[in-house]
Amino acid sequence: MAAEIRSRSPRGPVLLTKIPGHREQVAAARLIPREDGVITASEDRTLRVWLKRDSGQYWPSIYHTMSSPCTALRYHHESRKIFVGQDTGAIVEFLISDDFNKMNFIKTYPAHQSRVTEVIYSPGTEWVISTGHDKCVTWMCTQSGTQIGRHSFASWASCLQYDEDTKYAFVGDFSGQITLLKLEQNSCSVISTLKGHEGSISCLYWDPVQRYLFSGSSDHSIILWDIGGRQGRTLILQGHHDKVQGLTYVQLTRQLVSCSADGGICVWNMDIDREEAPQWLESDSCQKCSQPFFWNIKQMWDTKTVGLRQHHCRKCGQAVCGKCSSKRSSYPIMGFEFQVRVCDSCYETIKDEDRTPLATFHEGKHNICYMTMDVSRGLMVTCGTDRLVKIWDMTPAVGCSLATGFSPR
């Protein structure tokens, strides 16, 4: 049973419903399009379909126990297909009835040797594409249930996105690398490798219209990779204080919604001309005062001075000592929503209006481990380590123009 809740902060998300009842953490949840319902897959081995009743509460219309913990979930509304990834490496396909009260088993796919981390269904090719802790991405035929192709990585494959038109797969892994693959029948080719994060890749979001790839990481940062742009532009967004667990780009309002493990919900304004953060320069001495860094033994000996620790200015990228970078400032146009180290000369160039935030931050009030959105209705669902599933109305935070097709509340 889930209680109807109304809690509102100014211009922030509105918590509509809490769904309790799971004995273990919920690995993934999917909002049912054009319905007041949500599908959940949990580590407690249950797959559940929750529908909103006349009382305003959510009750499970389907409660199915799997053979092992559920670790990933994908629902395709047009075909009514549900794909559930498991801790054993298997993916199980179900077909749900139009009234969401009955579910039939279709087949099991032997996709991986260990835990499935992400599942995607491609209706155009009739493929089930998945990643797992066996360091592989696999694509399997939904008609025959057999494996079509497989590609291995050097570390765990943690997340996945897929472009239906080009058959490009984006695979994030625990080393912090993103691999762009072109999937074919029985083979694949590596198109490029994206490196920029200092921690493991925890989530990806692909926008096929703008051809933007967004990546979230355990290093607390988000990177926008302009895949369609000729310049190969990358933008770094830093506003979270913990692992980024979910991303959704709202095309209509040019906003990015992100959630982190500490419960933070952030809405980023992407409808502006942001600046790329500079590459960090390397030097044997401070590029402001010329004092040697501690590994520059020759200059330290020649000048009879003690070597200094190297830092970097986030605005210009120069290698500087602590004395020449004593100031801190936010610089939202470059993605720095909280205060970061800048050199003294760059600090003087930053005006008060340059510090105006370009993102809003809100509190989810549970440690978020998964997030997804139904952008057409402005709804978001989050799963937390508290075993709760929360449904949010995001329209106050991202703009009321999204609120099309809402059911009466």
Criterion ring-ring contact (aromatic ring centres under 6.0 Å, His included) on Trp50 and Tyr58, from CA distance to verdict: CA-CA 6 Å; Trp50 304 79; Tyr58 281 73; 8.0 Å; no

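- Taking every heavy atom of both residues into account, Asp99 and Leu51 meet most closely at O-CD1, 4.0 Å.
- The backbone N or O of Met334 sits nowhere less than 3.5 Å from a side-chain atom of Glu275 that would complete a donor-acceptor pair.
- Residue Val244 comes nearest to Cys203 through the heavy atom pair O-SG, 3.5 Å, listed as atom of the first residue, atom of the second, then distance.
- One N or O on the side chain of His312 and one on the backbone of Leu281 form a donor-acceptor pair closer than 3.5 Å.
- Residues Arg74 and Arg30 have side chains in contact (heavy-atom distance under 4.5 Å, counting atoms from C-beta outward).
- Counting only distance, with no hydrogens or angles, the side chain of Gln161 and the backbone of Trp206 share a donor-acceptor pair below 3.5 Å.
- For Lys365, the NZ atom is loosely surrounded, since the number of other residues' heavy atoms within 6.0 Å does not exceed 12.
- Looking only at distances, no side-chain donor or acceptor of Ser290 sits under 3.5 Å from a matching main-chain atom of Ser285.
- Phe214 and Tyr205 have tilted rings, their planes meeting at an angle from 30° to 60° on a 0 to 90° scale.
- Between Phe293 and Trp295, the ring planes are tilted. Angles from 30° to 60° get that label.
- The CD atom of Gln147 sits 12.0 Å away from atom SG of Cys141, with the distance rounded to the nearest 0.5 Å.
- A cation-pi arrangement is found for Arg355 relative to Tyr347, the charged atom lying closer than 6.0 Å to the ring centre and inside a 45° cone about the ring normal.
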Lys315 and Thr349: CA distance, side-chain angles, deciding distance, side chain to side chain contact (heavy atoms under 4.5 Å, CB included) verdict: CA-CA 10 Å; Lys315 188 175 184 295; Thr349 67; 3.7 Å; yes

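- A salt bridge is defined here as a Lys NZ or Arg NE, NH1 or NH2 lying under 4.0 Å from an Asp or Glu carboxylate O, and Lys18 with Asp386 fails to meet this definition.
- With 3.5 Å as the limit, one finds no donor-acceptor pair spanning the side chains of Ser218 and Ser202.
- The number of heavy-atom neighbours closer than 6.0 Å to CD of Glu198, taken from other residues, nucleotides and ligands shown, is 12 or below.
- A 6.0 Å sphere centred on CD of Gln339 holds more than 12 heavy atoms belonging to other residues, nucleotides or ligands.
- Applying the side-chain contact (heavy atoms from CB on, under 4.5 Å) criterion to Arg45, with sequence neighbours excluded, gives Thr65, Pro69.
- A donor-acceptor contact shorter than 3.5 Å is absent between the side chain of Asp271 and the backbone of Thr253.
- When every heavy atom of Lys288 is checked against every heavy atom of Cys324, the shortest pair comes out as CB-SG, 3.8 Å.
- Note: Leu15 CG to His362 NE2 = 13.5 Å, rounded to the nearest 0.5 Å.
- Using a 4.0 Å cut-off between charged nitrogen and carboxylate oxygen, Asp44 and Arg48 count as a salt-bridge pair.
- Atom CG of Asp87 is separated from atom OG of Ser68 by 6.0 Å, given to the nearest 0.5 angstrom.
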Pair Ser200-Ser158, side chain to side chain contact (heavy atoms under 4.5 Å, CB included): steps then yes or no: CA-CA 8 Å; Ser200 61; Ser158 52; 5.7 Å; no

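- Side-chain contact check for Ser221 and His197: at least one donor-acceptor pair (N or O, by modelled atom type) lies under 3.5 Å.
- Minimum interatomic distance between Lys167 and Thr125 (heavy atoms only, all atoms of both residues): CE-CG2, 3.6 Å.
- Side-chain atoms of His240 and Cys266, non-hydrogen and from C-beta on, do get closer than 4.5 Å to each other.
- Within the 4.5 Å cutoff, side-chain heavy atoms of Val257 are placed close to those of Met371.
- The aromatic rings of Phe83 and Tyr109 lie tilted to each other, with the angle between the two planes from 30° to 60°.
- Residue Ser155 comes nearest to Ser175 through the heavy atom pair OG-N, 3.4 Å, listed as atom of the first residue, atom of the second, then distance.
- No donor-acceptor distance shorter than 3.5 angstrom exists from the side chain of Ser192 to the backbone of Leu180, with no hydrogens or angles considered.
- Looking at Tyr121 and Glu126, their side chains do bring a donor and an acceptor atom within 3.5 Å of each other.
- Looking only at side-chain heavy atoms (C-beta outward), Asp134 and Arg150 come within less than 4.5 Å of each other.
- Under the 30°/60° scheme for interplanar angles, the aromatic rings of Tyr162 and Trp127 are found to be tilted.
- Using a 4.5 Å heavy-atom cutoff, the side chains of Arg254 and Asn269 are not in contact.
- Among the candidates Val381, Leu73, Thr382, the single residue satisfying the side chain to side chain contact (heavy atoms under 4.5 Å, CB included) test with Thr372 is Val381.
- Glu164 places a side-chain N or O within donor-acceptor distance of the main-chain N or O of Gly124, the cut-off being under 3.5 Å.
- With respect to Glu363 and Lys390, no salt bridge is recorded, no charged nitrogen being found less than 4.0 Å from a carboxylate O.
- Closest heavy-atom contact between Cys343 and Cys316: SG-SG, 4.0 Å.
- Looking only at atom types and distance, the side chain of Ser42 has no donor-acceptor partner in the side chain of Glu24 under 3.5 Å away.
- Counting heavy atoms from C-beta on, the side chains of Ile368 and Tyr370 never come closer than 4.5 Å.
- Counting heavy-atom neighbours within 6.0 Å of Lys102 NZ, excluding the residue itself, gives a total of 12 or less.
- Side chain of Arg387 to main chain of His22: a donor-acceptor pair is present (N/O by atom type, distance under 3.5 Å, no hydrogens or angles).
- Within a 6.0 Å radius of NZ in Lys107, more than 12 heavy atoms belonging to other residues, nucleotides or ligands are found.
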From CA spacing to verdict: side chain to side chain contact (heavy atoms under 4.5 Å, CB included), Trp268, Ile222: CA-CA 11 Å; Trp268 305 82; Ile222 300 165; 3.8 Å; yes

Evaluation steps, side chain to side chain contact (heavy atoms under 4.5 Å, CB included), between Phe361 and Glu337: CA-CA 10 Å; Phe361 297 88; Glu337 288 291 333; 3.8 Å; yes

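- Here CZ of Phe336 is found 6.0 Å from CD1 of Ile236. Values are rounded to the nearest 0.5 Å.
- Atoms CG and OG1, on Asp207 and Thr248 in that order, are 10.5 Å from each other to the nearest 0.5 Å.
- In this structure the side chain of Met270 never reaches within 4.5 angstrom of the side chain of Tyr212, judged on heavy atoms.
- The line from CD1 of Ile333 to CD1 of Ile350 is 12.0 Å long, rounded to the nearest 0.5 Å.
- A salt bridge does not link Glu35 with Arg80: every distance from a Lys NZ or Arg NE/NH1/NH2 to an Asp or Glu carboxylate oxygen is 4.0 Å or more.
- Under the 4.5 Å side-chain criterion, counting only non-hydrogen atoms from C-beta, Phe153 is not in contact with Gln177.
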